[in-house]
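Bear in mind that the values here come from a model prediction, so they are computed numbers and not experimental data.
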Amino acid sequence: MTQSSLTAVRSDIGAPDAELVGRATNLVPLIREYAAQGSEARRIAPEVVKAMTEAGLFHLLVDRRLGGHGASMRTTVEAVAEVARGDGSTAWIAALLASATGFASTFSEKAREDMFGSNPKATSCGIFSPGKAEPVEGGYHINGRWPYASGSFAADWATVGIPLDGGKEVGLALIPAEAFTIEPTWFVTGMRGSGSDTIVVEDHFVPEHRVQRFQEMAEGRYLTPHKDEHMASIGFTAVASAILVAAQIGMVRHALEITRAKLPEKPVAYTNFPHAKLSATHQIAVAKAATNLHLAEMTLNRICLDIDQAAAERRRLDLETRARIRNDTGVVAELATRAIDELMNANGSGSFAEVNVLSRIWRDSSIAARHAYVSADIGREAYGRVLLGNEEPTTVL
């Protein structure tokens, strides 16, 4: 493939699609209006779900032939980050539904028709820990409970993990919403509005054409026959990790925005400073936070560039690059956490009042930074093993 043809395939490599990101930006006031309500209700408000659906934010990664946008990874993470400037839980839903729906579009042609044929706006959530599955003629009977099903309340379908080959491998099964019920189990201090409850399935038949092998997906080998699609060669874990820290970027931006608006004129208690803007301690703290944000943004942009370039060239990411992406995702989460901590210190103990938006940002970020896919030390171990010549990493890459 020539350089000119690569350019024709992807004109937005390295830069986000401003129009699509702008759709997310336009929703920030609405998202902020309903953020507290969504946190209290343990799921984001229907008005916000409707607005994001109409804006196409859940279909960013779905190919145009299925009615989606076929967006780049860079565009997708920037859109999620903008949603996070409004609210962390809402961004988590945007990230999880966008990625799970994007992956649902990589299933077999028949599965794609099942999901998108009668409803081009169909969405999917995704939970990948394996439940129970019994092989039967033409497919599987599945049962089980899948916790942490973020956004399941707003999803038309779900991809759930099932054991294959007697438990030797894991598959992802695509099931309709009528196949599961939602058990309320998500009672936490942060990301309350994500509705990450448990979905329960009882004796549901999944036809073979709605099942993919997880390891194949991790390496970018999908069942879709349309290999020209952007999602058709992107490794599962690279996307799943990168999109999760997009929300972190947006939450730091929101916290910095609040700090710059409110902190400068605030008096510094028990000092002679009438305004925090005159205090070197506060100047340094805000500078550190902004610097960590910039470093996190640059690191995530590099991850997106690797993913998007490989997809444009129709090549799979090699093991070392996948390991570095897994490592760097954890670094982004660490940098974002440090940035928010610096801003909380600068704003003082009043930041932790329940009515203070900074308190919700801090809680949401703290939960998000501890997702298994972004655990920094697991990423470092995996990357270090690969760098030192170990062919078997300690986690799925």
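With rounding to the nearest 0.5 Å, the separation of CH2 in Trp186 from CZ in Arg192 is 11.0 Å. Distance CH2/Trp92 to CG/Leu97: 12.5 Å, rounded to 0.5 Å. For the atom pair His230 NE2 and Asp308 CG, the distance stands at 4.0 Å (nearest 0.5 Å). Atoms CD and CZ, on Gln212 and Arg221 in that order, are 11.5 Å from each other to the nearest 0.5 Å. Distance check: Thr237 OG1 to Glu219 CD gives 9.5 Å after rounding to the nearest 0.5 Å. We find the OG1-NE2 distance between Thr106 and His226 to be 12.0 Å, quoted to the nearest 0.5 Å.
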Inset, instruction - List the steps, then state whether side-chain contact (heavy atoms from CB on, under 4.5 Å) holds for Met115 with Asp156. - result: CA-CA 9 Å; Met115 179 171 171; Asp156 303 298; over 6 Å; no
Inset, instruction - Given side-chain contact (heavy atoms from CB on, under 4.5 Å), test Cys125 with Leu96 step by step and report yes or no. - result: CA-CA 6 Å; Cys125 61; Leu96 270 292; over 6 Å; no
Legend entry - Check against salt bridge (Lys or Arg N to Asp or Glu O under 4.0 Å), Asp328 and Arg302: CA-CA 9 Å; Asp328 290 356; Arg302 167 65 188 275; over 6 Å; no
Legend entry - Audit row: Arg65, Glu109, salt bridge (Lys or Arg N to Asp or Glu O under 4.0 Å) steps and yes/no: CA-CA 12 Å; Arg65 62 166 44 94; Glu109 186 67 12; over 6 Å; no
Quiz: residues 283-293 side-chain donor-acceptor pairs under 3.5 angstrom, not counting sequence neighbours:
unit_1 : atom_1 : unit_2 : atom_2 : d
Gln283 : NE2    : Lys277 : O      : 2.9
Thr291 : OG1    : Ala287 : O      : 2.8
Asn292 : ND2    : Lys288 : O      : 3.4

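Of the listed residues (Val245, Val331, Thr329), just one forms a side chain to side chain contact (heavy atoms under 4.5 Å, CB included) with Ile303, and that residue is Thr329. Paired with Glu313 under the rule side-chain hydrogen bond (donor to acceptor under 3.5 Å, both in side chains), one option of Gln309, Arg315, Arg316 passes, and it is Arg315.
Side-chain N or O atoms of Ser39 include none that pairs as donor or acceptor with a backbone N or O of Ala35 at under 3.5 Å. No donor-acceptor pair under 3.5 Å is formed between the side chain of Asp87 and the backbone N or O of Arg32. Ser241 places no side-chain N or O within donor-acceptor distance of the main-chain N or O of Ala238, the cut-off being under 3.5 Å. A donor-acceptor pair under 3.5 Å is absent between the side-chain atoms of Ser365 and the main chain of Trp362, judged by distance alone.
His69 and Asp17 share no side-chain donor-acceptor pair at under 3.5 Å. A side-chain donor from one of Thr321 and Asp318 sits under 3.5 Å from a side-chain acceptor of the other.
Cluster membership for Val170 and Met217, using ILVMFWY side-chain heavy atoms within less than 4.5 angstrom, is shared. Under the 4.5 Å side-chain heavy-atom criterion for ILVMFWY residues, no single connected hydrophobic cluster contains both Leu174 and Val160. Placement of Tyr140 and Phe107 in two distinct hydrophobic clusters is found when ILVMFWY residues are connected by side-chain heavy-atom separations under 4.5 Å, directly or transitively.
In Glu202, the CD atom is not crowded: 12 or fewer heavy atoms of neighbouring residues, nucleotides or ligands sit closer than 6.0 Å. For NZ of Lys227, the number of neighbouring non-hydrogen atoms (other residues, nucleotides, ligands) closer than 6.0 Å is greater than 12.
Using the six-membered ring where Trp is involved, Phe236 and Phe214 have ring planes that are perpendicular, over 60° apart on the 30 and 60° scheme. Using the six-membered ring where Trp is involved, Phe205 and His141 have ring planes that are perpendicular, over 60° apart on the 30 and 60° scheme.
The salt bridge (charged side-chain N to carboxylate O under 4.0 Å, His left out) check on Arg380 picks up Glu334, Asp377, with sequence neighbours excluded.
A cation-pi arrangement is present between Arg42 and Phe187, with the terminal nitrogen or guanidinium carbon under 6.0 Å from the aromatic centre and inside a 45° cone about the axis.
Minimum heavy-atom separation, Pro184 to Asp197: CA-OD1, 3.5 Å.
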